[in-house]
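Have a look at the structure below before the remarks.
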Amino acid sequence: RVIGFGSMIYPKFCQFAIEVHKALEKNAGFELKSAPTLIDGRSQTSFALSIEEWKKRHSLEIELPNEDFKKPVRLSLFKIQQKQVVDDGYVLTFTLELSPKEQINFQSGDLLAIAPPGDDIPRYYSIGKTEEGNILLSIKKHDIGECSNFLFQQEIGDEISAYVKVNNKFHLPKKGDVLMIANGTGIAPFLGMTSMYSKQKKTFYLGGRNPLSFKLYHKFIQHNKSTELFNTLHFALSKEEGNQRYVQDLVIENRAEVVHLLRKKGSIMICGSIRMRDGVLEALKAILLEEKMEPLEKFIEKGKVLMDCY
């Protein structure tokens, strides 16, 4: 596996890693089983998840240095208030609603750091803050994922230890309209942002495999639609027979609105899988080039395109 580190503010993001991967593909002495993993901004979460999947797949023992736990970290207790589970026929996904046992300041877009028993390396989950002040987590259950299986075993009333990590780079901008793009478990933080800054127009492009993929979020979506907090809501279903679409297709189909948003100093927020992120960014690059606007890297540099992908 090739892992590349870089910054998306540069046009040739992780280009060396891409070229190394292509060179290895042509070499009969190497067998590459996946596309290169490209990590933006030294994201420890993306790197740890990539290594975790790799070592499980190949039965390897690799221990990563844990930068966070080198600093004193104070863990807090969180009680499970709600749990929902959905199997859409492809993956099993579940949501947990947790209430902190003490006063903690956090907002949607921050991260909850959780380490499973016997492991010092935390996994980070994007937080959605509910109207009740609880933490909403959306989690994909991995067969070989220690933390996702640990969390899946939790039931209502159970308590877990964790801590909130402030994630300023993925807080909802206070000014300008916002386009929120998510797939899978990346939807959770956006659900917590709907009631913030009520005069702000928010548009949502949400991706899933089929209608069942959104069953976990039905309560939140229906509530927010009834209060008109969802100004515009679009769905893309990647496994819907006869109408397969991805969120990047929504970007292309609604290019006029996307261009208008960026010209009016609005923001785009992206949360979900790295593969989805890459597809959306490619669509945005093409649109900006055709419209003779500033390159995508400039919008990322100015904080007008925000990402939390893994």
Quick check: does any side chain N or O of [X] sit under 3.5 Å from a backbone N or O of [Y], one acting as donor and the other as acceptor?
X    : Y    : answer
D119 : P116 : no
D249 : R245 : no
D88  : V91  : yes
N149 : G145 : yes
D110 : N167 : yes
S148 : H142 : yes
Q200 : G176 : yes
D177 : G266 : no
S108 : G192 : yes

Donor-acceptor side-chain pairing of [X] and [Y] below 3.5 angstrom:
X    : Y    : result
S273 : N183 : yes
Y310 : T185 : yes
Q244 : S238 : no
S138 : Y217 : yes

For a quick test of reading the model, state the closest non-hydrogen atom pair linking [X] to [Y] and the distance between them.
X    : Y    : result
S213 : R209 : OG-N, 3.0 Å
I121 : R123 : O-NH1, 2.6 Å
C14  : F5   : SG-C, 3.5 Å
L136 : E97  : CD1-CG, 4.2 Å
L38  : I274 : O-CD1, 4.0 Å
L261 : S267 : CD2-O, 3.4 Å

A side-chain contact here means heavy atoms from C-beta on lying under 4.5 Å apart; do [X] and [Y] qualify?
X    : Y    : value
S126 : F170 : no
I270 : M180 : no
V178 : T203 : no

Within one Ile-Leu-Val-Met-Phe-Trp-Tyr cluster: L250 and L296, side-chain cutoff 4.5 Å: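 Looking at the clustering, L296 is in the same group as L250.
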
Test side chain to side chain contact (heavy atoms under 4.5 Å, CB included) applied to L281 and M307, step by step: CA-CA 10 Å; L281 293 181; M307 294 169 281; 3.9 Å; yes

SB check R255 E291 (cutoff 4.0 Å): yes

Salt-bridge contact E294-R263 (side-chain N to carboxylate O under 4.0 Å):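 Answer for the salt bridge query: no.
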
Test: K101 cationic atom under 6.0 Å from F78 six-membered ring centre, within 45° of axis: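 Not satisfied by the 6.0 Å and 45° rule.
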
Side chain to side chain contact (heavy atoms under 4.5 Å, CB included) evaluation trace for I268 with K304: CA-CA 6 Å; I268 296 176; K304 291 300 180 182; over 6 Å; no

Partner residues of K83 under the salt bridge (charged side-chain N to carboxylate O under 4.0 Å, His left out) criterion, sequence neighbours left out: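 By the salt bridge (charged side-chain N to carboxylate O under 4.0 Å, His left out) rule, K83 matches E155.
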
I need the [X] [atom1] to [Y] [atom2] distance, nearest 0.5 Å.
X    : Y    : atom1 : atom2 : result
D87  : K141 : CG    : NZ    : 10.0 Å
K285 : F13  : NZ    : CZ    : 9.0 Å
Y246 : L237 : OH    : CG    : 11.0 Å

